[in-house]
Asks: 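Provided herewith is a single structure, encoded as structure tokens, for subsequent inquiry.
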Amino acid sequence: MSTQTELARHSSASTPQTGNGQAAQRSSPIETALRPPVDIWEDKDGITVCADMPGVSKDRLNVRVDGNTLLVEGQLQLELAGDAEALYADLRSSLYRRSFALSGELDTEKIAANLKDGVLTVHIPKRAEHRPRKIEVKVA
Amino acid sequence: MFGIATSMPSSVFDELWRLQQDVEEMFGPWNIPAAIRSLPRGSFPAVNVGQTAERVDVYLFAPGIDPKSLDISLQQNLLTISGQRALKVEDSVDYYRQERFSGEFRRVISLPEDVDPDRVQAKYADGIVQISIERRESSRPRQIQIQ
């Protein structure tokens, strides 16, 4: 199984986007998706998810919230010569996918995502009423 | 009917082991020998190697590194890549998962014998280091004209 054929198969099919989640989640029955390693941490403002997705450019990245599920998907693109054959392959798929169930205090309307050098950072803020507030004491 | 001649009745685990062997033989290519310098699955960085008649391309999946910190060397057909990825660990936050690799790494990859160590190019984009090594002219397939 060569990387080339996998990539070719995928670029012709690209990622089907149906807009309303459900169907798109089962978009790739043949190819096993890669599970990108993540770091997840929480501070007083919200939760940050950091994922390694090398080879994914901005236009091949899909970060989406479906109900309370955060879905991260990306298409790996290698610069290959037309007749290249694989000699060795640690990565045998060209699709990254991972999802997380969010909880109610997170504000899914204000998710911010940033992609740099193959590292995706997603910040999900907490709703204002769930952030620890400092109460100012006014001196009369 | 060969029950006595073959091995003793085996435990469930032996059966499972044999089943696994059968599956691996059927669906290969897991039973092909592993390269002597290959690392276990999931090691950082993952590597793919592709070849054409003209060159060999090595792809290193190394997101979020400074490409200047990489040390890439090629001796004959042995490619050595070492470097480090130092992830910033946030203070005063609670971590739920820390799956991403942090620290020093080193990978040695044995390439086809006919690569030319004098003609190597490397670049970094979207977290992938691509190292392209030209192959020697003499070993390329040549079209032979009939006179």
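Quick note on labels: first sequence line is chain A, next is B, and so on, each numbered from 1. Predicted model, so just to flag it, every value in this text is computed and none were measured.
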Asks: With no hydrogens and no angle check, is any side-chain donor or acceptor of N48(B) less than 3.5 Å from a backbone partner on L91(A)?
Replies: yes

Asks: Quick one: pull up CG in D52(A) and CZ in R85(B) and give me the separation to the nearest 0.5 Å.
Replies: 4.0 Å

Asks: How far apart are the closest heavy atoms of D90(A) and P45(B), and which atoms are they?
Replies: OD2-O, 4.4 Å

Asks: Under a 4.5 Å cutoff for heavy-atom pairs, which residue among G127(B), A46(B), P63(B) has the most contacts with chain A?
Replies: P63(B)

Asks: Side-chain contact test, heavy atoms from C-beta onward, threshold under 4.5 Å: evaluate it for F61(B) versus L76(A) and give yes or no.
Replies: yes

Asks: Which region of Q51(B), side chain (C-beta onward) or backbone (N, CA, C, O), has a non-hydrogen atom less than 4.5 Å from a non-hydrogen atom of chain A, or is it both or neither?
Replies: both

Asks: Determine whether V49(A) and W41(A) fall in the same hydrophobic cluster, where Ile, Leu, Val, Met, Phe, Trp and Tyr are linked whenever their side-chain heavy atoms lie under 4.5 Å apart.
Replies: no

Asks: Between E90(B) and T48(A), is there a side-chain heavy-atom distance shorter than 4.5 Å?
Replies: no

Asks: Side chain from CB out, backbone as N, CA, C, O: work out which of these in Q98(B) comes under 4.5 Å of a heavy atom of chain A, or both, or neither.
Replies: both

Asks: For R106(B), does the CZ atom sit with more than 12 other heavy atoms under 6.0 Å from it, leaving out its own atoms?
Replies: no

Asks: Please look at V38(A) and chain B and tell me whether the side chain, the backbone, both or neither of the residue comes under 4.5 angstrom of a heavy atom of that chain.
Replies: both

Asks: Which value, rounded to the nearest 0.5 Å, describes the distance between L80(A) atom CG and T52(B) atom OG1?
Replies: 10.0 Å

Asks: Considering only heavy atoms, which portion of L87(B) lies under 4.5 Å from any heavy atom of chain A: side chain, backbone, both, or neither?
Replies: side chain

Asks: Looking at D43(A), is its backbone amide N or carbonyl O close enough to the side chain of D94(B) to form a donor-acceptor pair, meaning the two atoms are under 3.5 Å apart?
Replies: no

Asks: Quick one: CG on D39(A) to CD on E99(B), what's the gap to the nearest 0.5 Å?
Replies: 7.5 Å

Asks: Main chain of E79(A), side chain of Y59(B): is a donor-acceptor contact present, judged purely on distance under 3.5 Å?
Replies: yes

Asks: Are Y95(B) and F100(A) connected in a single hydrophobic cluster, I mean Ile/Leu/Val/Met/Phe/Trp/Tyr linked by side-chain heavy atoms less than 4.5 Å apart?
Replies: no

Asks: So does E105(A) have more than 12 non-hydrogen atoms from other groups sitting under 6.0 Å from CD?
Replies: yes

Asks: Would a single hydrophobic cluster contain both L74(B) and Y124(B), if residues Ile, Leu, Val, Met, Phe, Trp and Tyr are joined by side-chain heavy-atom contacts under 4.5 Å?
Replies: yes

Asks: Minimum heavy-atom separation for P54(A) and A62(B), please, with both atom names.
Replies: CB-N, 4.5 Å

Asks: Report whether L111(B) and V108(B) are members of the same hydrophobic cluster (ILVMFWY, side-chain heavy atoms less than 4.5 Å apart, transitive linking).
Replies: no

Asks: Mind checking the CG-CD1 spacing from L78(A) to I128(B)? Nearest 0.5 Å is all I need.
Replies: 5.0 Å

Asks: Indicate if V119(A) and V122(A) have the same hydrophobic cluster label, given that clusters are the connected sets of ILVMFWY residues with side-chain heavy-atom separations under 4.5 angstrom.
Replies: no

